[in-house]
Amino acid sequence: MQHAEPEITPQVAQNLGLTADEFNRIVQVMGRTPNFTELSIYSVMWSEHCSYKHSIHWLKTLPRTGRRLLVGAGEENAGLVDIGDGLACAFKIESHNHPSAIEPYQGAATGVGGIHRDIFTMGARPIAALNSLRFGNLDSAHTRHLVKGVVKGIGDYGNSFGVPTVGGEVYFNDCYNQNILVNAMSVGIVRVGHTVSAIAEGEGNPVFIVGSATGKDGIHGATFASADLTEDSAEDLPAVQVGDPFQEKLLLEATLEAIKTGAIVGMQDMGAAGITCSTSEMSAKGGVGMKIDLTKVPTRQANMKAWEILLSESQERMLIVAHKEQAHLLFEVFDKWDLACAQIGEVTNTGKLEFYHHDELIAEVPAESLVLGGGAPVYQPDYQRPKYLEQVGKFHSKNITAPKDWKKTAQQVFASPNIVSKRWIYEQYDSMVRTNSMGTNEPSDASLVRVKGTNKALALTVDCNSAYVHADPFVGAMIAVSEAARNITCSGGTPVAITNCLNFGNPKNPEVYWQFVQAIKGMGEACRKFDTPVTGGNVSFYNQSVFKDKTEPVFPTPTIGMLGVLEDVKNKMTMDFKKEGHQIYMLGTPQNDINCSEYLRVVHGVQHSPAPYFDLDEEFHIQLNVGKLIRRKLVESAHDISEGGLFAALVEMGLPRKLGFTLDTDSNFRKDAYLFGESQSRILVAVAPEKEEALLDYLNNHNLPFSQVGEVKGKNVVVDGENFGPIAEWAQIYDSVLSEKMNTAVEPV
């Protein structure tokens with residue numbers, strides 16, 4: 001093989017992101033020194049983004065089996081869960097952090113496109129999208145620029161593609177000033193037994209590339225995502241892909257129609273590492289090889305080099321292996337939808353990937369050596385408890401002086417960007433397309449999506465308070481899982497399974513890796529308790545910025561995307577107060593706890609404090625019984641207590657119908673802790689007077705801790721007899737804070 005390529009040395013490998021040890025390992029696997037194209041293939045497939053080399057050991061400790069699970073973690077492009085009535089739900093969450101930090105619009109848009117392809121490549125039709133977003137300080141023009149770009153990218157792609165964005169979360173913290181997090185989740189429905197596997201089988205079967213032409217966008221995108229952001233990262237802008245939602249819509253419909261022909265053996269979307277990834281993973285899964293002619297790949301630019309074609313991450317493309325005798329059916333379907341369908345190779349029995357360019361063999365590598373669980377390296381770095389936790393441990397609430405003006409303090413807390421309405425963001429998303437979404441006027445803690453043709457609904461949520469995880473990764477990750485389950489329970493659903501997006505700093509930093517290990521352990525414990533197996537997801541390391549010799553990892557952010565099932569939509573529960581005279585009860589035990597609260601950060605400027613009170617057994621017991629209370633129709637409203645504490649939760653319940661309430665604090669607790677503390681495992685319910693006795697009987701008979709905290713009454717918010725003003729005044733705060741900040745934004749110079 002003669003090429004005008006550089007002489008291959010360990011330094012060349014290092015320039016491509018490989019270590020000296022990894023280079024030696026590649027030489028050993030191949031039995032010779034690789035050429036530049038082959039080395040480039042290994043550089044992307046052994047990157048953190050594709051190989052999970054620093055995380056796979058610990059990921060395998062997570063619970064991966066469950067009674068409803070049809071496809072578990074790592075088996076296919078997304079997890080698959082049986083939801084009854086002969087239907088299954090495919091769902092997954094993934095990150096697109098680095099691209100979004102450099103080019104927010106396309107970074108976020110292609111993140112949405114990529115996660116939807118993971119769903120429909122399995123044969124499921126996407127019916128809902130969610131997202132979890134993290135940005136820096138909103139007072140920064142740079143942050144506002146990123147928010148605008150990301151939100152517009154998500155909205156434009158999702159709205160054009162025709163899948164509703166039904167829910168999500170947005171947090172702001174200085175640790176995300178440079179390295180924002182953009183996590184996108186897609187949920188789809190498919191009939192059981194009608195899915196397609198990402199596998200290659202059958203010697204001589206043809207291999208097709210379908211969809212968009214291949215360009216130079218996204219080359220080395222996987223490598224780009226496997227390194228810290230620096231002041232020079234903008235130079236990597238070509239690594240950001242460019243999306244076309246209209247092309248993806250055509251690809252969706254064509255793909256689902258092609259599946260019905262029975263012509264498809266296996267199919268995989270082209271995400272990270274493009275053709276390289278899809279050919280290697282499909283071949284390794286089937287124990288076969290492929291012979292690929294890169295000159296047959298439709299390209300957008302002339303004279304693309306072979307390695308550019310191989311590594312391009314151009315969007316809206318799929319790789320399909322077809323039954324030889326039925327391949328003509330694919331041409332008919334994709335021609336109907338005016339999409340390219342080009343045969344670029346065939347399946348072999350060699351176990352090797354053979355890539356040709358202009359009749360020359362330019363790369364030959366064993367497929368198994370490239371993939372996760374095959375020849376890719378696995379690392380278990382050393383880890384140690386972070387030094388900042390010493391400062392966390394020194395916090396004592398006795399040093400915090402209670403405020404004198406309670407109304408003003410409540411307004412300060414409630415006006416936090418992490419609590420107020422994200423209306424400015426979600427109004428840019430189409431939430432009603434396909435008419436499956438439920439409850440836009442009567443909000444539930446989780447997003448509810450009707451499963452057409454049944455009485456069921458899916459209950460969907462994404463959750464993670466990264467401040468809790470930063471304070472205690474083990475407890476914080478347990479809380480993330482539990483809050484997700486709590487949101488589904490409060491909506492009338494039953495938690496079923498999770499997907500996760502694990503966003504952390506550099507795994508070679510022992511303190512960061514300690515956070516990762518502890519979070520995995522906490523997540524696993526909570527998932528086992530709730531019987532919500534992990535169906536897959538994404539690990540995103542290197543979420544840290546290196547600017548002017550200062551390294552700043554983001555808070556550990558293990559985002560939980562949870563799927564629940566509402567067996568009968570008649571049992572749907574919403575958070576809003578329904579009528580005056582309804583009594584308000586808090587289920588769970590209040591605590592003298594202001595740890596890690598918005599109150600501490602906003603009012604007192606305290607950034608380091610322990611995670612809030614949490615007890616997993618208590619959490620499970622309360623959720624189990626709240627679900628029964630909802631199904632027995634004993635409560636009229638249900639809402640979990642989270643950021644902002646009891647007071648914020650009550651205001652949120654009063655806002656939809658502009659109903660006020662009275663609240664009486666308990667003198668056994670600090671008033672600030674009672675109002676604003678974020679101790680976990682607490683749920684607010686409102687009960688009609690005629691059902692109050694039955695509710696109390698149930699609570700007492702089932703050993704459920706509870707206390708009456710107030711009454712739905714009038715149009716004012718009244719705390720301990722003090723009028724905190726009309727609920728309309730609180731609505732103004734809730735709806736205006738984010739929009740006012742965003743509408744005064746200026747583009748960064």
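The figures that follow rest on heavy atoms only: side chains count, while hydrogens, waters and symmetry mates do not. All residue numbers in this chain count up from 1 along the given sequence.
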| Are Met523 and Met478 side-chain neighbours, meaning at least one heavy-atom pair lies under 4.5 Å? | no
| said: Is there a side-chain contact between Val29 and Tyr42 in this structure, where contact means two heavy atoms from C-beta onward sitting under 4.5 Å apart? | reply: yes
| query | For the ring pair Phe516 and Tyr383, is the centre-to-centre distance below 6.0 Å? | reply | no
| What do the steps show when you test Tyr176 against Phe135 for ring-ring contact (aromatic ring centres under 6.0 Å, His included), and what is the final call? | CA-CA 5 Å; Tyr176 304 109; Phe135 298 102; 8.9 Å; no
| message | A side-chain contact here means heavy atoms from C-beta on lying under 4.5 Å apart; do Glu253 and Glu257 qualify? | response | no
| field | Heavy-atom closest pair, residues Leu330 and Ala258 | value | CD2-CB, 3.9 Å
| field | With Val81, the side chain to side chain contact (heavy atoms under 4.5 Å, CB included) member among Leu87, Leu563, Val565 | value | Leu563
| message | Salt bridge check, Lys352 against Glu368: does any charged N sit closer than 4.0 Å to a carboxylate O? | response | no
| task | Look at Lys92 together with Glu76 and state whether they make a salt bridge at an N to O cut-off of under 4.0 Å. | result | no
| Of the options Asn506, Thr557, Asn97, which is the one that meets Asn543 in a side chain to side chain donor-acceptor pair (under 3.5 Å)? | Asn97
| message | Name the residue from Met318, Lys285, Met282 that meets the side chain to side chain contact (heavy atoms under 4.5 Å, CB included) definition with Gln268. | response | Met282
| said: I'd like to know if Arg134 and Glu169 make a salt bridge, using a cut-off of under 4.0 Å between side-chain N and carboxylate O. | reply: yes
| said: Taking the six-membered ring for Trp, are Tyr429 and Tyr426 closer than 6.0 Å centroid to centroid? | reply: no
| Would you call the rings of Phe161 and Tyr157 parallel, tilted or perpendicular if under 30° counts as parallel and over 60° as perpendicular? | tilted
| note | Heavy-atom nearest pair, Ser51 first then Ala376, reads CB-CB, 4.0 Å
| message | Just to verify, what does Lys521 make a side-chain hydrogen bond (donor to acceptor under 3.5 Å, both in side chains) with, not counting sequence neighbours? | response | none
| request: Salt-bridge test for Lys53 and Glu48: reply yes if a basic N is under 4.0 Å from a carboxylate O, no otherwise. | output: no
